[in-house]
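Below is one structure, written out as structure tokens; comments come after it.
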Amino acid sequence: MAGDPDILVDFIVPVNSTGKAIDGCFFTFTGMRNAINPDYPSNFTATKASVKEFPALDGQSVSYAFLEYPAGSINPPHTHPRSAELLLVVGGTLNVGFVDTTNKLYTQTLKLGDIFLFPKGMVHYQSNDDPKQPAAAIAAFGSANPGTISVPMSVFTSGIDDNILAKAFKTDVSTIMKLKAGLAPKA
């Protein structure tokens, strides 16, 4: 399915919680406590509250992420195949954009308090172009498991043959290898 199924109960109790009492703790996620602090990380960071991190979201068709953008950082082009994204800027300024199915690019500069909608499945990005000031945003999703497909990672680290990529990008294999090297995990 391309979205979350409707459920016929109030909430879904995880299979592995047999015998455990469900109380308010089950409906509480504390994973954002460490994310929301005055010290920004050195790289773009997404702290997620999806069904994987917060099982109470199963069947509820919602999730969240807290996004931190150090000065000059980006959240590279990506897509969420199972959800739209509603982005609220809570610090700094972000340049954002998405590409629709006709290949039209929609961009906007967002300031504190601005909200932007990235439609479901569209390739999109966010960029903090300020070389001195960090930025932060909260992303809300209409799925407990929106999924994230990073365009650079899925194209250049998935094992697609270098010759295929060279033809697709109208370049040579050595250029593809340089792009791949730049995305390789740091040792």
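Computed over heavy atoms, backbone and side chain alike; hydrogens, waters and symmetry mates excluded.
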Leu183, Ile149: one ILVMFWY side-chain cluster at the under-4.5 Å cut-off?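 No, no single cluster joins them.
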Using the rule that two of Ile, Leu, Val, Met, Phe, Trp, Tyr join whenever any of their side-chain heavy atoms come within less than 4.5 Å, decide whether Tyr64 and Phe29 are in one cluster. yes
Linking Ile, Leu, Val, Met, Phe, Trp and Tyr through side-chain heavy atoms less than 4.5 Å apart, which residues share a cluster with [X]?
X      : result
Val173 : Met177
Val9   : Ile7, Ile12
Phe44  : Leu67, Tyr69, Leu87, Val89, Leu94, Val96, Phe98, Tyr106, Leu110, Phe116, Phe118, Met122

Holding to ring-ring contact (aromatic ring centres under 6.0 Å, His included), I want the full list of residues that pass it with Phe156, two or more places apart in sequence or in another chain. Phe169
Looking at residues at least two apart in the chain, or sitting in another chain, which of them share a side chain to side chain contact (heavy atoms under 4.5 Å, CB included) with Pro70?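 Once residues adjacent in sequence are excluded, the partners of Pro70 under the side chain to side chain contact (heavy atoms under 4.5 Å, CB included) criterion are Ser73.
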Set of side chain to side chain contact (heavy atoms under 4.5 Å, CB included) partners for Val99, sequence neighbours left out: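 Only Asn103, Leu105 meet the side chain to side chain contact (heavy atoms under 4.5 Å, CB included) criterion with Val99.
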Over all heavy atoms of both residues, which pair between Thr109 and Thr93 is shortest? Give the atoms and the distance, please. CG2-CG2, 3.6 Å
Check Gln126 against Glu85 and note the closest heavy-atom contact, atom names and distance. NE2-OE2, 3.8 Å
Could you tell me the separation between the [atom1] atom of [X] and the [atom2] atom of [Y], rounded to the nearest 0.5 Å?
X     : Y      : atom1 : atom2 : value
Ile74 : Asn43  : CD1   : CG    : 11.0 Å
Thr79 : Lys120 : OG1   : NZ    : 10.5 Å
Asn75 : Thr45  : CG    : OG1   : 10.0 Å
Leu88 : Leu86  : CG    : CG    : 8.0 Å

Residues Phe11, Phe27; criterion ring-ring contact (aromatic ring centres under 6.0 Å, His included); working and verdict: CA-CA 10 Å; Phe11 54 89; Phe27 301 98; 4.9 Å; yes
What I'd like to find out is whether the side chain of Phe54 reaches to under 4.5 Å of the side chain of Val62, using heavy atoms alone. no
With sequence neighbours excluded, what pairs up with [X] under the side chain to side chain donor-acceptor pair (under 3.5 Å) test?
X      : result
Ser42  : none
Glu53  : Ser50
Lys180 : Asp162
Asn163 : Asp161

For Pro55, does its backbone N or O pair with a side-chain atom of Asp58 as donor and acceptor, under 3.5 Å?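 Not at all, since once roles are kept as given, no pair shorter than 3.5 Å links the two residues.
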Answer yes or no: is there a donor N or O on one side and an acceptor on the other, between the side chain of Thr175 and the main chain of Thr171, under 3.5 Å? no
Name the atoms and distances for all side-chain donor-acceptor pairs under 3.5 Å in residues 132-147, with sequence neighbours left out.
unit_1	atom_1	unit_2	atom_2	d
Ser143	OG	Asp4	OD1	2.8
Ser143	OG	Asn145	N	3.0
Ser143	OG	Asn145	O	3.3

side-chain hydrogen bond (donor to acceptor under 3.5 Å, both in side chains) contacts in which one or both residues fall within residues 147-160, not counting sequence neighbours: His80-Thr148
